[in-house]
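We count ligands from 1, going down the list as the structure has it; atoms in each ligand are counted the same way. These numbers come from a predicted model, not from an experiment.
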Amino acid sequence: AQSVWGYDKENGPEHWHQNYPMAKGDKQSPIEINSKDVRHDTSLSPWHASYDPGAAKTILNNGRTCRVVFDDTFDRSVLRGGPLTGAYRLRQLHLHWGSADDHGSEHVIDGVKYAAELHLVHWNPKHGNFAGALKQPDGVAVVGVFLKVGKTPKPEMKRILEEIDNIKTKGKEAPFQHFDPSILFPKSRDYWTYHGSFTTPPCEECITWILLREPIEVSPDQMARLRSLSKNGENEPMCPLVDNWRPLQPVKGRIVRASFK
Ligand SMILES: NS(=O)(=O)c1ccc(C(=O)N2CCN(Cc3ccccc3)C2)cc1
Ligand SMILES: [Zn+2]
């Protein structure tokens, strides 16, 4: 039977192109950001998120990540500015992380891998709905925030990680309300931006990436909580949900712009 895609030897990133040909495209993500190749673009404006905490709905474990889902039926929580034209609607946030603190992020910055990477996924309502947006080059915008392990963890991450106990296994979902994800943003608004793809199948090349330069800190036990999630269902053999990151993809001549010098 067609094995559903995942991150294991038999269904991992090297196999994805068999069912999802886009995976071999020339605008794939993630990529390594090399500061020497980045262009400071003075025309890039600051980005702005105006999120309604009431839009948060649920948190779930889908066996591949931990995801918080928001109401995106109208312009309730939106991202504007930066490289974007118009307001993009926040649909969900999720994370990618490693089995140890020295790796786990998808994008790599000058050789540095972070322990995890948070993705806030937004779509362009001019394309009608999310399914339509992912067929357009300007359909989706993802803000990426790097997580590093440190001693002064952000209390805001606590809220997501406290919910982990209720969604330990695949398919588990819990209410997750009154949450404004902009509290997860670091102080600096500096970012890199480039055009790329979903880092998971179907790997459509519809994403304007906005990667924040300043990482946020999480504590060692917060990372341990994330790693305590299981990719299996409740009554299946335990299998830790870790290393749900895609390896680096070829840059293929793409230009990465920076909002800062
Ligand atoms: N890691 S990432 O930020 O690049 C990212 C990866 C996947 C997704 C995501 O939600 N989907 C990709 C397509 N998929 C299937 C789908 C669902 C509804 C309609 C149509 C298609 C959903 C969003 C962001
Ligand atoms: Zn992601």
> Do Asp72 and His122 have a side chain donor and acceptor closer than 3.5 Å?
Replying inline: no
> What's the atom name of the N, O or S in His119 nearest to the Zn ion (ligand 2)?
Replying inline: ND1
>> Report the atom name of the nearest N/O/S atom of His96 relative to the Zn ion (ligand 2).
In response: NE2
> For the salt bridge (charged side-chain N to carboxylate O under 4.0 Å, His left out) test, which of Arg257, Lys261, Arg213 pairs with Asp190?
Replying inline: Arg213
> Considering only protein heavy atoms, which is closest to atom 22 (C) of ligand 1, and at what distance to one decimal place?
Replying inline: Phe130 CE2, 3.9 Å
>> Run the salt bridge (charged side-chain N to carboxylate O under 4.0 Å, His left out) test on Arg89 and Asp75 for me, step by step, so that the C-alpha distance in whole Å, both residues' side-chain angles and the decisive distance to 0.1 Å come before the verdict.
In response: CA-CA 6 Å; Arg89 280 185 201 164; Asp75 279 2; 2.5 Å; yes
> How far is atom 5 (C) of ligand 1 from its nearest protein heavy atom, and which residue and atom is that?
Replying inline: Phe198 CD2, 3.5 Å
>> If we check side-chain hydrogen bond (donor to acceptor under 3.5 Å, both in side chains) with Glu205, which of these qualifies: Gln28, Lys27, His195?
In response: Gln28
> Can a salt bridge be assigned to the pair Arg225 and Asp165 using a cut-off of 4.0 Å between side-chain N and carboxylate O?
Replying inline: yes
>> For atom 14 (N) of ligand 1, what is the closest protein heavy atom, and at what distance to 0.1 Å?
In response: Pro202 CD, 4.0 Å
> Against heavy atoms of Arg67, which atoms of ligand 1 measure under 4.0 Å?
Replying inline: 10 (O)
> Does the pair His127 and Asp138 meet the rule for a side-chain hydrogen bond (donor to acceptor under 3.5 Å, both in side chains), with working shown?
Replying inline: CA-CA 9 Å; His127 297 307; Asp138 65 346; 2.7 Å; yes
> atom 6 (C) of ligand 1: which protein heavy atom is closest, and how many Å away?
Replying inline: Thr200 OG1, 3.3 Å
> Parallel, tilted or perpendicular: which fits the ring planes of Phe130 and Phe198, with parallel below 30° and perpendicular above 60°?
Replying inline: tilted
> What part of Thr199 sits under 4.0 Å from ligand 1 if we count only heavy atoms: the side chain, the backbone, both or neither?
Replying inline: both
>> Are Trp97 and Tyr114 an aromatic pair, judged by ring center distance below 6.0 Å?
In response: no
> Tell me: protein heavy atom nearest atom 10 (O) of ligand 1, and distance?
Replying inline: Gln92 NE2, 3.2 Å
> In the protein, what heavy atom is nearest to atom 16 (C) of ligand 1, and what distance, to one decimal place, separates them?
Replying inline: Leu134 CD2, 4.3 Å
>> Tell me which N, O or S atom from His94 is the closest to the Zn ion (ligand 2).
In response: NE2
> Does a sphere of radius 6.0 Å around NZ in Lys172 hold more than 12 heavy atoms from other residues, nucleotides or ligands, not counting ones at 6.0 Å or beyond?
Replying inline: no
> Should the proximity of Trp209 to ligand 1, defined as any heavy atom under 4.0 Å, be assigned to the side chain, the backbone, both, or neither?
Replying inline: side chain
> Going by the atom numbers of ligand 1, which of them fall below 4.0 Å from some non-hydrogen atom of His94?
Replying inline: 1 (N), 2 (S), 3 (O), 5 (C), 24 (C)
>> With heavy-atom distances below 4.0 Å as the criterion, list the atoms of ligand 1 near His96.
In response: 1 (N)
